Every structure is written in C-alpha cells, then in structure tokens.
Amino acid sequence: MTLFIRAIDAVDKADCLRSAVKDGGAHSFQIDVTKFASLPGSPFAYWTTPKALECYSDLKPVSSSDLSPLSTNQLSDDSRYARLWWEPGPGGSENWVVWAKGRSFAPFYYDIQTVVRWSRARGTYTGFIGTKDRPLEKPASADWFFRPGLTWPRRTNRLSFSVLPIGCIFGNKGPAIFEEHDNEERLLAHCAILNSKAFNYLLGLQLARVELAQSFEVGLVQAAPIPVVGQAGLTTLADLGRRSWSLRRRLDETIETSHAFKLPRALLSRVEPLDPALIQRQIDEIQLDIEAVVYRLYGLTETDQLSIEAWGERLKGNAADAAIEVDNDEDGGDEAADASDFDAVISWSVGVAFGRFDVRLATGARRLPPPPSPFTELPAKSPAMLPDHDTPAIPVVDILVDDPGHENDLSERVVAVCAAVGYSAVDKTELRQHFARNFFNQHLRQYSKSRRKAPIYWQLATASASYSVWIYTQSFTKDTLFRVQNEFVSPKLAHEKRQLESLRAEAGARPDSNQMKSIEAQEAFVSELQAFADELARVSPLWFVNPDDGILINFAPFWRLVSHNRAWQRELMATWKGLCHGKFDWSHLAMQLWPERVIPKCAADRSLAIAHGLETVFWFEDEQGQWEAHDKPKPPAPQLVRDRTSPSIKAALKSLMDAPEAGVVSKRTRKSKAA
C-alpha cells in the first residue's frame, strides 16, 4: 500500500502534512498503486475507492457497447459557414441544418441555436473543400450526421450530455454519441447514465485531477466503463430521462430565441401554469432517482457513493467559484435571466406587430401545441410564431417608425398589442423613450449567441435617435429601402421642413429667446433628418439582402445609421471595411458590389466558386477525382464580370465610399417627441 497526502486545498500545508502522517484523516489516502493499471494510461487517481477502480476492470468500456462516441473536424471559419437559427429565416431554412457546436452545462436538454449551410448534393458544408489539417471535402463522421443521438461540450467546467435531435450535424466542439439502431429508448436511458455522478466520477479518474476547464475528448468517453442494463432498467432510466428532458424544455418556453418559445412568462402564466421553482424541484427529484439506479447498476457501495458525492460537490463548487465558461461559445447573454417581464412582453409585442409572433396564443384563440418528443427534428418556427399561411389576428406591417401620429408608429402599435392581451403595465411616454434609447440594446443582447450578433429588428436612426425607422429582417424585399425612403423618410423630412418654415414665419425678424430655441432645435432635427435621408439615398441603390450572408454582413452598409449604439456601430463599420478589403468575398453582397474582384478569385479558389455557383464554370474533376481549373472557362471571367457589373450600383458604391466617416452626431440634439 502507498500513502498519498492531498494538501492542495490546505491553507497551512505543513500542518496538513504533519496531521496526515500522524493521524490520517480526510487528506490521507492509502491505496495499492498496482490497481491504477486498470485505468487507461494508469493515472495516479489516489483519492478513489477500490470498487471504483474495479469498474474499469470488470465492466466493458463505452467503445465496446452499442454506443459510438464520435468527433468531426472543425470548420475553421465559423463566420462564413455558421449562423444563428433565426438568421436564414423560415424560407431559407431548407439549405441550413442545425449544428451542435458546443455549449455550456446542460444535461438532457439543450436548445441548439446554431445552423450551418449544407449542400445535400455534395454531402458537405456549402463551399467547404477541406482544410490544411484535413484536406477531405466531407467532414469526418459525416455518415452519422442527421441521426438521433446525444452530444456534449468537448471542453467545459462540468461534463453533461444532452439529446441531439434528428436532422442535426455535430461539430468539433460538440462531439456526439449514437446508438447502433437509433433506438431512442436506449439513447435516453444512456443519457441518464452519462449524466449521473457515478459516470462523471469514473470518467474523471482517467484525468487524475479535479480541475476546471477540462477537455473531455472522445477517447475519454470511449474508455469510460458503462454498466450492463437489462430491459427493466432501460425502461426505468429512459422514462426518467424523458421526464427530465421535458421539464427542462418547459423552462425554455418563455425564452424568445428558443425553438420551444410560446409566450413571455407574464403572459404564459395566464393560459398555462408555469412555476420554474416547482419544475426545478421536480428535476432535482428525478436526478436523485437516476443517481440511485445508476449506483446500483455500477455496484457502488455506500462508501463509494459518499466519496463520489464529495467529489461532485467539490467540482461543482470549483466551477461556481471560478464562474467561467469554456469553449461553449454561449457568451451572448441570457434573456431568461436578464429580461424583466416588461422587457419580455414588449419584445414579444414588437414581434406581433411585425407578424413574427401569433397574438392568438395569448388571447386563447389558438391552443398551445403539445410538446414534441425528445428526438423530434427541431422546427423551422417556434410554437409562438405565426403559422405559415395563417392570417394575423392583428394587422401587421413590415416597416415601423418612431413618429407620433403616424399609422405605423411603433409605440402605438405595441400599445395596441398589449391592450389586446390585457397587459396594462405600459406607459406610452416611457415606452417611446424605451424604443428610442434602450430597446435595440436589449434586443441585440437577446439575439446574440455563440459569439455572433444577429438582431432581427433593425433600428435605423438619426444621430440623436430622435427619429427611427424599424425594419424586420424576415420581411425584407428588394423594395424595402426604397419604401423606407419614399413612404416614410421623405414625407417626414418635408413635413419637418414645413414646420421649420412655420416657426420662422411666426417668429418674424426678431424672435425672442424661446422662439429662437424652438427654431434652433427644429433646425437641428431637420439637419439630422436630411443626413439620414442622404445616407439612405446612398445605400438604397446598391443594397440587397441575401439571408445566406447573415445579418452582420447585411446590416454592415448601414453603419452610419446606428450611432445610437456606438459598440454596434463599430462592429458594423469593421465588417463593412472587411467587405471593402475582400475579407468576406464568399458573400453575395461582395459579388454584388465587387464582381471584378470576386470572380477572378473564383477562378483561383474553388471554395469561392462553389459559394457563388461558378464551380462548373471554372473547375472540373479529372479522371483521378482531382479538381483542376479550366484553362479556358466558358463564359470567360471578363464576360462574367461585365454581366454582373451594374453602372448604377457602381455609382452608388462610389458615393457611399466617398461619404465622410464622421458625420454622426454624438450629442443628442432633440428629445423624442412625447405621444
């Protein structure tokens, strides 16, 4: 037997060593080191129990079961290939598939919010032709894509496994586990086992440490021991796993960006009881039942269980003290924790006004849909959204404005929605100020996930945000900007100019101080509106939206019109400069504006040719299966450039490029008008 003394946590390490040598105690461990040979790599996991070590010698590893833990290669350029699930929109969802790329701690249930564009014809990511590390065009383990399974974050503070629905792809940071026959009962049962403290503890023995930021590679999971489970045990564990998944999903029903979203918490409670505290207690009780079953399956004694429980509390405490996230990429905020009931209802009401969400769920005119089963393919729309081809119960518009008295005034529309559902905690004046200054910031945080910002409601505003136009990304058409310009901004500018002339005429040649202040304020407002109109006139002729480019690329040309949010403006400006310098030449917008630069690149870079539908023009596959460039492509590149070059777009682009970067006013010159 060998004596190990653990003094890592001791404040007085010398005293800890003396006490351990003299009396033993919690810091002292005696173990036969030959037993470590049963662990893969023979690590010195001295704190464990003999029975835990026997699990490695007596039980088969996961790799020898009917489970297959798998990884795949990384994309290397997420900004090109990846989007958040709402970016392509329901109309473009068929080209995009759900992508489990890694996450935070989330046992059983996790709403996967990233998607990648997938070419079903090529069986790989659209535009993907391999990387330097892995030159193959199809990602590793692609034959397992789209099957039901389980997934986990490869690098995280606390290991957890969640359901991977049918129709998903898994990523390098989010490996997956599959069952040979896609048996969903077995998957759920094993999800319960893998989320148990016993399995986590046994897997952790391979690491021989209890630290943060551990890398839970596929090999660790493959080598961990898995108990043999009879049919009765499978049924019991699968039922517990299904109930845990269902309860955890219910907590997502008030999260606007979730696939499970139904209504904001303040409204859902009226039509369907939802008590998060009660749900969490039920989840905890189910987990206790799971732990008891899994301990029995592993044959772990009460002494083993006490050791495992102490280890689990230590690990949990370390993670809580550090309060860090590792490789989960979920750094965009959590509206479930941050958004007040008021903010959540207002955000939902804006969605109703734009036709995104269905007000009938809140009024009881449409019944809430039943929950899906765990492995059901994720929907293109959440239950809260207006079903395709349904007529909205409240008239909707695709352009809203901050303009008191206008029929499309955002505040008035939201107040009407709130009134329709009996939500009275709305003050119109405060609401107008909220939309002018706060709403977009909250919306941007809410719709930012996986290090990606993707707001679906765009606020284009004057420098002081005294006048704003709001547009909804999923209702964009080629005429949207022209309508904004001709139906909203130009009439508004003409009206405010008339107001200015009226003030001047009323004041006469010698205005008093109050009249002078009114005139100066109106002059400043008209000047801002004119600058706003001028910038729209520069962008409108050259801008077109393509959902596949992603919201950041599509929003970038408007960077001068978002000075109300300096951080967002800097990001858009950096993206626009990246477009100008060729950083995003895979995008449709780059081809639209600079075909003379992008098309020659397609002749030299097959991935760009694929992205722009020019692969067969510039490339061919030889008899050995190698891709070669055509010596004389038809049509030739110069002709393609001519065909895709628009003189009007070039003129508009020059005007936009020549416009001064300065020209946004940082100081507010006029308060938003009260309703």
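Computed from a predicted structure; not experimentally measured.
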Return yes if a side-chain donor-acceptor contact under 3.5 Å exists between [X] and [Y], otherwise no.
X	Y	answer
W96	D548	yes
S587	D585	no
E256	S347	yes
S160	R103	yes

Stepwise, does the side-chain hydrogen bond (donor to acceptor under 3.5 Å, both in side chains) test hold for S258 with D252? CA-CA 6 Å; S258 169; D252 251 15; 3.2 Å; yes
Identify whether NZ of Lys or CZ of Arg in R120 sits under 6.0 Å from the centre of the six-membered ring of F146 and within 45° of that ring's axis. yes
Which is it for H190 and E179 under the side-chain hydrogen bond (donor to acceptor under 3.5 Å, both in side chains) test, yes or no, and what are the steps along the way? CA-CA 10 Å; H190 282 102; E179 198 272 338; over 6 Å; no
Do [X] and [Y] have side-chain heavy atoms sitting under 4.5 Å apart?
X	Y	result
P153	K173	no
W86	Q474	yes
Q113	S450	no

Short side-chain to backbone donor-acceptor contact, [X] and [Y], under 3.5 Å:
X	Y	result
T72	S141	no
R147	I166	no
R606	F620	no
W627	D622	no
H443	I456	yes
R560	P660	yes
R570	N565	no
D398	I471	no
E180	L67	no

Are [X] and [Y] ion-paired here, with the side-chain N under 4.0 Å from a carboxylate O?
X	Y	answer
D534	R538	no
E87	R452	yes
R366	D390	no
E596	R642	no
K101	D78	yes

Indicate the atoms forming the closest heavy-atom contact of [X] with [Y], along with that distance.
X	Y	result
R122	G127	NH1-N, 3.8 Å
A140	N73	N-OD1, 2.8 Å
V98	V115	CA-CG1, 3.9 Å
T257	D111	O-OD2, 4.0 Å
P148	F375	CB-CD2, 3.6 Å
G123	P139	O-CD, 4.4 Å

Over 60° means perpendicular and under 30° means parallel, so tell me whether [X] and [Y] are parallel, tilted or perpendicular.
X	Y	result
W576	W594	tilted
Y81	F128	perpendicular
Y125	W118	perpendicular

With ring centroids as reference points, do [X] and [Y] lie under 6.0 angstrom apart?
X	Y	value
W152	F161	yes
H630	F618	no
F357	F261	yes
F170	W99	no
Y457	F440	no
W543	F476	yes
F558	W568	no

Mind running side chain to side chain contact (heavy atoms under 4.5 Å, CB included) on V401 and L410 for me, showing each step along the way? CA-CA 6 Å; V401 288; L410 175 59; over 6 Å; no
Apply side chain to side chain contact (heavy atoms under 4.5 Å, CB included) to the pair N546 and L589, showing each step before the final yes or no. CA-CA 8 Å; N546 189 301; L589 185 58; over 6 Å; no
With a cut-off of 6.0 Å (strictly less than), are more than 12 heavy atoms of other residues, nucleotides or ligands near NZ of K601? yes
For atom NZ of K138, decide whether the heavy atoms of other residues, nucleotides or ligands shown that lie under 6.0 angstrom number more than 12. no
Side chain to side chain contact (heavy atoms under 4.5 Å, CB included) with I129: which of I610, L136, T124, L608? I610
S563 vs Q569, side-chain hydrogen bond (donor to acceptor under 3.5 Å, both in side chains): CA-CA, chis, key distance, verdict: CA-CA 6 Å; S563 58; Q569 184 179 48; 4.9 Å; no
Derivation and outcome, side chain to side chain contact (heavy atoms under 4.5 Å, CB included), residues Y472 and V396: CA-CA 11 Å; Y472 173 41; V396 302; over 6 Å; no
Could you walk me through whether D479 and T477 pass the side-chain hydrogen bond (donor to acceptor under 3.5 Å, both in side chains) check? CA-CA 5 Å; D479 298 322; T477 70; 4.7 Å; no
Check the pair F488 / W470 against ring pair (Phe, Tyr, Trp, His ring centres under 6.0 Å), numbers first and verdict last. CA-CA 11 Å; F488 295 88; W470 294 83; over 10 Å; no
